[in-house]
Each structure stands twice: as structure tokens, then as C-alpha cells.
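Report on the structure given below.
So that the names make sense, note that chain A is the first sequence line, chain B the second, and so on, each numbered from 1. Note that the structure is predicted; figures quoted are calculated from it, not measured.
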Number of protein chains: 2
Amino acid sequence: MTDKTLNSILRLLHASNVIEARLAAEFASVHGLSVNEAFLLMQLEQAPLQRLPRVELAKRLLTSASTVTRMAAPMEKLGLVTRQSDSRDARLAFVVLTDAGATKIEEARATLSKQAANAFKDRWTAEEIGQLSDLLGRLVAGAPGELA
Amino acid sequence: MTDKTLNSILRLLHASNVIEARLAAEFASVHGLSVNEAFLLMQLEQAPLQRLPRVELAKRLLTSASTVTRMAAPMEKLGLVTRQSDSRDARLAFVVLTDAGATKIEEARATLSKQAANAFKDRWTAEEIGQLSDLLGRLVAGAPGELA
DNA sequence: CCGAAAAGCTTGCATCTGCAAGCAATTCGG
DNA sequence: CCGAATTGCTTGCAGATGCAAGCTTTTCGG
């Protein structure tokens with residue numbers, strides 16, 4: 001028997017790798033950003049006050065706290081984010097989206113949209129695209145880090 | 001307007017990250033393999049003569065030649081693959097699946113199936129799973145490295 | 001109120017990965 | 001047939017990432 005379940009998962013991982021490789025190339029050359037850096041900005045964008053503590057950001061990016069620390073440093077130098085501390089809890093070090101960061105993510109989202117449209121070309125109906133979106137959303141419902 | 005196209009791609013990348021993280025943990029503890037090492041074995045498994053030149057393997061794994069070289073070395077020490085050269089073209093260095101490697105991949109596939117089934121739990125109909133598989137397959141049709 | 005446990009962040013170390021350069025073998029052009 | 005270009009592979013170097021350890025601050029238990 002052919003395992004449709006297994007097949008779906010294999011195709012999911014494969015498709016993701018293919019798409020991400022395309023995105024990475026485009027993002028690097030056009031915006032000077034890695035895909036993960038773009039995702040970091042997008043997470044901040046949809047957070048209250050456009051900011052998140054490092055640990056929370058790590059959860060949403062499905063990565064480790066040390067990675068967030070190291071990702072934020074160069075982006076801070078570029079002025080895309082700032083560091084902000086909490087007066088109530090001195091342990092917290094928020095990563096805050098700056099205006100420059102907000103602008104950057106707007107540009108990046110345009111690229112993302114363009115690439116997404118290109119991936120579906122014209123052989124896809126709006127309904128099929130919606131279907132795929134729904135199925136994928138259901139697959140990982142409840143997992144942290146969903147981007148709107 | 002909400003961009004369904006963009007949303008599908010974002011969910012694709014997100015879902016893949018979530019699933020891969022789960023797989024990685026399970027694979028490491030149960031089989032002592034990384035997900036990519038398992039994929040390498042699976043690529044060999046479905047190749048003619050259960051072997052592939054390093055460059056071809058790199059294409060199918062969507063990675064670089066140097067990565068394949070470095071991935072193969074430890075797996076060779078473990079006896080999962082062997083190196084084989086071509087009498088016609090002395091440049092070629094095939095990565096060949098061994099019996100031990102074939103056994104390993106069978107075990108790994110079982111884990112993979114189990115995890116895949118778990119991802120879909122029971123809220124999914126067979127039709128929906130087939131639908132997802134079809135949509136994803138269509139999305140990256142023609143890209144190298146598809147696993148059967 | 002005090003000491004223990006926990007939480008948030010950073011840093012050292014190890015691993016994985018890609019690019020560019022280098023080497024060996026093959027193929028191509030004239 | 002010969003030199004140039006190409007192909008396959010490996011290796012040096014740099015960047016990204018996770019884990020474990022360490023530091024500071026907060027919270028918890030009695």
C-alpha cells in the first residue's frame with residue numbers, strides 16, 4: 001500500500017526546501033536580508049507595541065534564545081531594530097521594530113508576494129490556493145509562530 | 001485585501017519548520033540520524049543500483065557538493081554507505097547504499113510514517129491528505145529530489 | 001525575610017553548511 | 001594531437017545554529 005500520509009509529509013518538506021531556496025536568493029540580493037531575518041521582522045510587526053522579549057521571539061521563530069541574540073545584533077547595527085529594557089523586570093531585553101525596520105519589512109513583503117504569486121503561476125485557481133492554505137494551517141494549528 | 005497566495009507560502013514554510021523540528025528530535029534519539037542523513041539514504045535507495053555520484057546526490061538533496069562530501073564521510077564510518085569509483089570516469093566517486101544502510105532506512109521510514117500519521121491525527125480524512133499531497137506535488141513539480 | 005529555584009539573556013564550544021579555490025580527470029575545439 | 005575549458009570532488013574559511021554553562025534578576029517556599 002502506498003502511504004499517502006508519509007507522502008504528504010515528504011512533499012511538504014521537499015516543497016518547503018525548494019521554495020525557501022528561491023526566496024533566500026531573492027532576499028539576499030534585493031534586500032540584503034536572510035529569510036529568517038525577514039521572519040524576525042514580521043514577528044515584531046504583528047506583536048503588540050511592535051516588540052517582543054528575546055525568549056518569546058525565539059519561540060515564535062522556532063529557534064533558540066542564543067540564535068535570537070545573535071540575529072538581533074547585526075540588525076541593530078543596521079537600525080532595523082532597537083534594544084529596550086523593561087522597568088518592571090530588568091531581565092527582559094525587548095527587540096523593538098524601528099521605523100526603518102517597518103519600511104524594510106514592507107519592501108520584503110512585496111518581494112515575498114511576488115515570489116509567492118510566481119510559485120503558483122497561472123495553473124492554480126484561487127480556490128486551490130485557499131485550499132492549500134487551509135490544509136497547511138490545520139496541519140500545524142496551535143504551534144507558535146504563525147504569521148498573518 | 002488578504003493575499004491568499006502569500007499566506008499559503010508563509011504557512012508552507014512554517015508548517016515545514018514545525019514538522020521538521022519534531023522529526024529531528026525523534027530521528028536523533030531513535031536512529032542516531034539527522035533528517036538530512038535519512039534523506040540521503042532514501043535518495044540512494046530509489047536510485048538505480050542504489051548509488052549516485054556526489055554531484056547528482058547534491059542536486060537531489062538541494063544542497064552543495066561539499067556538504068555531500070562531508071555528510072558521506074561519517075556515514076561511511078558507520079557502514080551505512082560505501083565509496084565506489086567508476087572505471088570509465090575516474091572523477092566519479094559514487095556513494096553506494098550498503099545492506100546496513102538499507103536496513104537503517106527501513107527503520108527510519110517506519111518512524112517517519114508513524115510521525116506522519118501522528119501529524120494528521122484523526123481529524124483528517126484520507127481524501128484531505130491526498131489533496132494536500134497532490135497540491136504540494138504540483139507546487140514544485142519538476143524540481144529535483146522528489147522522494148517516492 | 002532569606003535562601004533556593006526559576007527565568008531571561010549572553011557566550012564558549014561544537015556542528016553543519018556554502019562559497020571559492022584547488023586538484024585530478026575528461027571533453028572539447030581546432 | 002594538444003592546449004583550453006569543463007566536470008567531479010575535496011578543503012580552507014566564514015557564517016549560522018544549538019546546547020550547556022554562567023551571570024543577573026525575579027519569584028517561590030517556608
Any donor-acceptor pair, under 3.5 Å, between the side chain of [X] and the base of [N], if you only look at N and O atoms?
X       : N      : value
A:Arg88 : C:dG8  : no
B:Ser64 : C:dC19 : no
B:Arg70 : C:dG18 : yes

Heavy atoms, side chains only, cut-off 4.5 Å: are B:Leu40 and B:Leu44 in contact?
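Answer yes - side chains close enough.
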
Choosing from [options], which nucleotide comes nearest the side chain of [X]?
X       : options                : answer
A:Arg91 : C:dC9, D:dT26, D:dT17  : D:dT26
B:Thr69 : C:dG8, D:dT11, C:dT10  : D:dT11
B:Pro53 : D:dC9, C:dC9, C:dT17   : D:dC9
B:Ser66 : C:dC19, D:dG8, C:dG8   : C:dC19
B:Thr63 : C:dT26, C:dT17, C:dT11 : C:dT17
A:Ala93 : D:dT26, D:dC9, C:dC9   : C:dC9

Whole-Å distance separating the [atom1] atom of [X] from the [atom2] atom of [N]:
X       : N      : atom1 : atom2 : answer
B:Glu20 : D:dT17 : CD    : C1'   : 13 Å
B:Leu57 : D:dT10 : CG    : C1'   : 15 Å
A:Asn36 : D:dG15 : CG    : P     : 17 Å
A:Glu56 : C:dC9  : CD    : C1'   : 15 Å
B:Leu62 : C:dT17 : CG    : C1'   : 14 Å
B:Leu52 : D:dC9  : CG    : C1'   : 15 Å

Residue whose nearest DNA chain D nucleotide is more 5′ - A:Ser34 or A:Asp89
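Mapping each residue to its closest nucleotide by heavy atoms, the 5'-most match is A:Ser34.
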
Hey, which of these two, A:Met71 or B:Leu92, hits DNA chain D nearer its 5' end, going by closest nucleotide?
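Mapping each residue to its closest nucleotide by heavy atoms, the 5'-most match is B:Leu92.
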
Indicate, with yes or no, if A:Ile9 and B:Leu135 share a hydrophobic cluster defined by side-chain heavy-atom contacts under 4.5 Å among Ile, Leu, Val, Met, Phe, Trp and Tyr.
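B:Leu135 clusters together with A:Ile9.
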
same_hphob_cluster(A:Leu78, A:Leu57) at 4.5 Å side-chain heavy-atom cutoff:
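Yes, same cluster.
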
I would like to know whether B:Arg22 and B:Gln115 meet side chain to side chain donor-acceptor pair (under 3.5 Å); could you show each step before the answer?
CA-CA 8 Å; B:Arg22 292 181 196 161; B:Gln115 287 281 325; over 6 Å; no

Verify, without hydrogens or angle tests, whether B:Gln50 (side chain) and B:Glu45 (backbone) share a donor-acceptor contact under 3.5 angstrom.
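Pair found, side chain donor or acceptor close to backbone of B:Glu45.
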
Short N-O contact, B:Arg88 and B:Asp86, less than 4.0 angstrom
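Looking at B:Arg88 and B:Asp86, the cut-off is not met.
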
Between the two end axes of the helix from C:dC1-D:dG30 to C:dG30-D:dC1, each built from 5 base pairs, what angle do you get to the nearest 10°?
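Taking five pairs per end, the axes differ by 30°.
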
Heavy atoms of other groups near B:Glu107 CD, more than 12 under 6.0 Å
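Buried by this count: over 12 neighbours within 6.0 Å.
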
